[in-house]
**Student:** 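Below are the structure tokens for one structure; questions will follow.
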Amino acid sequence: MASLTQIRKAVGDTLEAAISDLKAHRVVPGSAAGDVVVVEPAEELASFVVAMGRGLDTYQLDLRILVPNRDLESAQDALDAYVTGAGARSIRQAIWNARSLGLANVDAHVSGVAAYGLDHTLGQTQYLGAVLRLVVHTKGTE
């Protein structure tokens, strides 16, 4: 059974290893340089009743992708590459290629885009963002 902390760290490690120049955080940073993904619990975080006898726990995480918005068209192109289903910068593809996140008894997948076009400011930089929903299944017992 993987803990929520282990899962969040593994998601960040997986994405940083798969996508160059993408920096993962577990909280929205006060400032950043470049493209950022924040791995945070979703509003409806967990279900512990997926299987009988504590056989399976399911976590839902939000992957908040933020790209610098110095030029709207370029920012949108960069964001599109992260939220599309496949490609070298696709977060969905990166998770699909490493569904276990490097952890035992874990299976993860991106289930959809929850938001697109978010406006954030980190430090002095405007960011354009989107939220991908990540679903992680893990064994409910050790």
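All values below come from the heavy atoms of this structure, side chains included, with hydrogens, waters and symmetry mates left out.
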**Student:** May I have all residue pairs that pass salt bridge (Lys or Arg N to Asp or Glu O under 4.0 Å) and include part of residues 119-131, sequence neighbours excluded?
**Tutor:** none
**Student:** Could you give the distance from CD1 (I65) to NE2 (H120), rounded to the nearest 0.5 Å?
**Tutor:** 10.5 Å
**Student:** Linking I/L/V/M/F/W/Y whenever their side-chain heavy atoms sit closer than 4.5 Å, directly or via other members, would L79 and Y127 fall into one cluster?
**Tutor:** no
**Student:** Hey, could you give me the CZ/CG distance between R8 and L63, rounded to the nearest 0.5 Å?
**Tutor:** 10.5 Å
**Student:** Compile the donor-acceptor pairs under 3.5 Å between side chains in residues 91-100 and protein atoms, sequence neighbours left out, one pair per line.
**Tutor:**
from, atom 1, to, atom 2, distance (Å)
Q93, NE2, N97, OD1, 2.9
N97, ND2, Q93, O, 3.4
R99, NE, D107, OD1, 2.8
R99, NH2, D107, OD1, 3.2
R99, NH2, D107, OD2, 2.8
S100, OG, G102, N, 3.2

**Student:** What is the minimum heavy-atom distance between A2 and V106, and which atoms define it?
**Tutor:** CB-CG2, 3.8 Å
**Student:** Could you tell me the separation between the CG atom of L15 and the CG atom of L22, rounded to the nearest 0.5 Å?
**Tutor:** 6.0 Å
**Student:** Could you report the tightest heavy-atom contact between S90 and T84, atom names first, then the distance?
**Tutor:** OG-O, 2.7 Å
**Student:** Between A108 and V136, which heavy-atom pair has the shortest distance, and what is it?
**Tutor:** CB-CG2, 4.0 Å
**Student:** State plainly whether one hydrophobic cluster holds both V113 and V110, where clusters connect Ile, Leu, Val, Met, Phe, Trp and Tyr through side-chain heavy atoms under 4.5 angstrom apart.
**Tutor:** yes
**Student:** Would you name the heavy atoms of A88 and I19 that are closest together and state the gap between them?
**Tutor:** O-CG1, 4.1 Å
**Student:** Do L66 and L61 belong to the same hydrophobic cluster, where Ile, Leu, Val, Met, Phe, Trp and Tyr are linked whenever their side-chain heavy atoms lie under 4.5 Å apart, directly or via other members?
**Tutor:** no
**Student:** Under the salt bridge (Lys or Arg N to Asp or Glu O under 4.0 Å) definition, can you give me all pairs with a residue in residues 109-118, not counting sequence neighbours?
**Tutor:** none
**Student:** At their closest point, which heavy atom of L103 faces which heavy atom of Q6, and how far apart are they?
**Tutor:** CD1-O, 3.9 Å
**Student:** Honestly curious: do L128 and L132 fall in one hydrophobic cluster under the side-chain, below-4.5 Å linking rule?
**Tutor:** yes
**Student:** Salt bridge (Lys or Arg N to Asp or Glu O under 4.0 Å): which pairs involve residues 122-133, sequence neighbours left out?
**Tutor:** D62-R133
**Student:** For H109 versus H137, what's the shortest heavy-atom pair and its separation?
**Tutor:** CE1-NE2, 4.1 Å
**Student:** In chain order, what residues pass the side-chain hydrogen bond (donor to acceptor under 3.5 Å, both in side chains) check against D13, with sequence neighbours excluded?
**Tutor:** K9
**Student:** Identify each donor-acceptor pair in which a side-chain atom of residues 23-38 lies under 3.5 Å from a protein atom, sequence neighbours left out, and give them as a table.
**Tutor:**
from, atom 1, to, atom 2, distance (Å)
K23, NZ, E16, OE2, 3.4
D35, OD2, Y82, OH, 2.7

**Student:** Are V131 and I7 linked, directly or through intermediate hydrophobic residues, by side-chain heavy-atom contacts shorter than 4.5 Å (ILVMFWY only)?
**Tutor:** no
